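Data block below; observations after.
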Amino acid sequence: MLCLAVTIGWFLYRAGDDATEVLARNALMDTMNRVGQATDRQLLGARETLRVVAPDPIPPAEKGGQPTYIPFPKEKAALEERLWLANSLFDDPSYVYFGGADGSFLGVKQEEMNLFMYSTRDPQGKNYVYHLRGPGTTPTLIATQDYEPRNRPWYRQAIERKQETWSPVFTDFRLKFLGITLSKPVYSPEHVLLGVATSSIGLRRLSDFLQALPLTKNGVAFIIEMSGDLIATSVNEPIHKVDGANFVRLNAGQSTSPIVRQSYADLVAYMKTQKLESGKLVVQSLQTDGPKTELAFRLHHDDAGLDWVAVSAVSRSDFLGSVTGGVYQTLLLGFIAVCMTFVLGFAILRWVLRDIRKLTLAAKSIGNGEPFPSLNIDRRDEIGQLAQSFQEMERNLRTDRLTNVLNRDSFIAQIDFRRRKGTEVAPLQFALLFIDLDKFKSINDQYGHDEGDKVLISAASQLQHALRKDDSVARFGGDEFVVYLHGVTDENIAKSIAEKIRNFLNQPIEGRDGNKYHVDASIGVALFPQDGLDIETLLRVADERMFEQKRMHRILSYDGKDKQ
């Protein structure tokens, strides 16, 4: 009887340990997904402000055709209008400026609410810096500088690389925060250099986001450069310090958190033997003498020269409490059952192991992107509570909390699951629609985030009503949605469905105080396998086509205003 009781305890402990490992790793995946989305949102502002100042050529409608170039402003007033528009495109303030090949300079920077810095330099003169309250307001001269933009690193690097180029992360000595700059050379249709457009953004919001993440008690998340210097961290500690006249950045190896230091050491050890692949999530156990800890990291890389690594770690002990309680209670029941009768004890053993096995299999299905199996566990003890936690976790991992549609990782996992089930006889075919809500930002800014959330919820509901049973919709962040159209192989059919969806989204939305909001949508289409053999390529193609449509909407909108 003693051996049987020990066997019960051992099986329960092993099952509980497996369950906590899966829980910890799924929590890591959720955290890394959120960190990735926050990083993309932070960097998107710099990219899109540059595209407003210097739009990319519009690809030809037909294969073999010539791209359409959007003329770059020749007059200072027209360039200034673009800089103001770019500066107001996103909520995060940025410094947008243009250095001309002739030595001219023009820049707009938001210093604080309703206070802007305006800099201008004539090709043969000094650089004059003004303060003003907004476009068209009276400027106040605050400084006169000797400034040659063509000698600045951002100008030279963009000219040397002949493409968009990220600067290294720099420190703002005056405002005491980290920032980064994206520069883009601007050419005429004859490929004559006109100058360099640049957008500088601060990175302080990344640390604010990480510190607001709902991490477990011993969980950490941080972002570093390849050198190990901290860009953002969830740990409440400074990531830079002032040493006399020098502004010194801190390395992850100098963190006050032992888990951050050990995570960075394991990352360095990994990079000595293996090369980090952009976008690939690596999950492994942390090499530590303390409680078992799971580690995850992912490289964020792009062709403009960005190389950041997002890292997260979580201890299994943070998830062990409820499982341990269930183990102790069930072990006690096992002892009592063995004392009463061997048969009753064996029945209890099978009953307990069956439910925990269900939890383990259910947790693995979440990680594989498979449909979540029905648990059918109706218990009021810790295991029943754990079953409810699994179901809540599945809902949180797979759906967007605001709109209740799929989130990014769940959407991609379900497509991968469908691809694995496809065969040569019945191959998977589908279309992706990348949707961005136009006019949403103005509603959000004018009426507040609550009304903006109402618009997002309504848009998600309209998208769901516009789709078939086998189709699905996911929110990719902000006002962006992606739709999966099962079995659609024809581009014209996909575009007609996109137009139908756009008509659905054009329906007025009831708001507060009798307001009615009208939103439009820019939609990009990509077909599998014609436009790409992997989900990342399809998303990029659909995203690029969506942005082309958005730029066309914006150009047509401004043309309409000019005609008026």
Side-chain angles (χ1 to χ4, degrees), residues 12-36 38-39 207 209-224 226 228-237 239 250-274 276-277 280-300 308-327 356 359-360 363-364 366-368 382 386 389-390 393 396-397 409:
L12 291 175
Y13 175 77
R14 287 296 305 273
D17 188 60
D18 290 344
T20 55
E21 178 184 0
V22 175
L23 279 170
R25 295 202 170 198
N26 282 330
L28 278 179
M29 292 175 62
D30 180 52
T31 298
M32 293 298 291
N33 175 47
R34 295 188 182 191
V35 173
T39 303
S207 278
F209 174 82
L210 293 187
Q211 292 180 12
L213 275 176
L215 299 173
T216 59
K217 179 181 178 182
N218 297 301
V220 298
F222 57 96
I223 304 172
I224 58 173
M226 296 297 288
D229 288 344
L230 286 165
I231 297 173
T233 177
S234 64
V235 181
N236 188 17
E237 63 176 353
I239 59 176
L250 298 184
N251 192 276
Q254 301 170 314
S255 173
T256 59
S257 169
I259 296 182
V260 171
R261 295 197 302 270
Q262 187 60 53
S263 298
Y264 176 62
D266 281 21
L267 173 62
V268 172
Y270 178 90
M271 291 192 295
K272 288 181 179 178
T273 59
Q274 301 185 57
L276 288 177
E277 298 180 23
K280 179 182 179 181
L281 180 65
V282 179
V283 181
Q284 63 184 33
S285 296
L286 191 67
Q287 302 299 317
T288 177
D289 296 331
K292 293 182 179 179
T293 302
E294 301 299 322
L295 171 68
F297 47 87
R298 177 188 286 150
L299 173 65
H300 290 266
W308 290 357
V309 183
V311 185
S312 182
V314 63
S315 174
R316 290 195 204 175
S317 62
D318 293 340
F319 300 91
L320 194 59
S322 59
V323 176
T324 302
V327 169
I356 294 183
L359 294 176
T360 303
K364 290 182 178 178
I366 297 176
N368 294 333
E382 284 82 0
L386 188 60
S389 298
F390 263 81
M393 181 186 68
N396 290 334
L397 283 175
D409 278 0

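Owing to the predicted nature of the structure, the values given are computational and were not obtained by experimental measurement. Any value given below was found using the heavy atoms of this structure, including those in side chains, with hydrogens, waters and symmetry copies removed. The chain is numbered in sequence order, starting from 1.
L210 is listed as a side-chain neighbour of V35, based on a closest heavy-atom distance under 4.5 Å. Using a 4.5 Å heavy-atom threshold, the side chains of V311 and S263 count as touching.
Residue V220 comes nearest to I259 through the heavy atom pair CG2-CG2, 3.6 Å, listed as atom of the first residue, atom of the second, then distance. Residue S285 comes nearest to R25 through the heavy atom pair OG-NH2, 3.9 Å, listed as atom of the first residue, atom of the second, then distance. In terms of heavy atoms, Q211 sits closest to S234 at CG-O, 3.6 Å. For the pair N218 and S315, the tightest heavy-atom approach, listed with the atom from each and the gap, is CB-CB, 4.0 Å.
The backbone N or O of S255 sits less than 3.5 Å from a side-chain atom of R261, completing a donor-acceptor pair. Side chain of D266 to backbone of Q287: a donor-acceptor contact under 3.5 angstrom is found. No donor-acceptor pair closer than 3.5 Å links the side chain of E294 to the backbone N or O of V283. Side chain of S312 to backbone of M32: no donor-acceptor contact under 3.5 angstrom is found.
The side-chain hydrogen bond (donor to acceptor under 3.5 Å, both in side chains) search around D409 returns none, not counting sequence neighbours. Scanning for side-chain hydrogen bond (donor to acceptor under 3.5 Å, both in side chains) contacts around S257 gives an empty result, with sequence neighbours left out. Remark: L250 engages K241, Q254 in a side chain to side chain contact (heavy atoms under 4.5 Å, CB included) (not counting sequence neighbours).
Note: L28 CG to L295 CG = 7.5 Å, rounded to the nearest 0.5 Å. Rounding to the nearest 0.5 Å places CH2 of W308 at 4.5 Å from CD1 of I231. For the atom pair CE (M226) and CG (L276), the distance works out to 5.5 Å, reported to the nearest 0.5 Å. The structure places CG of N26 at 10.5 Å from OG1 of T31, a figure rounded to the nearest 0.5 Å. Here the CD1 atom belonging to I223 is positioned 8.0 Å from the OG atom belonging to S207, to the nearest 0.5 angstrom. Distance check, rounded to the nearest 0.5 Å: CG of L299 to CD of E277 gives 9.5 Å.
Residues F222 and Y264 place their aromatic rings such that the two centres sit no closer than 6.0 Å.
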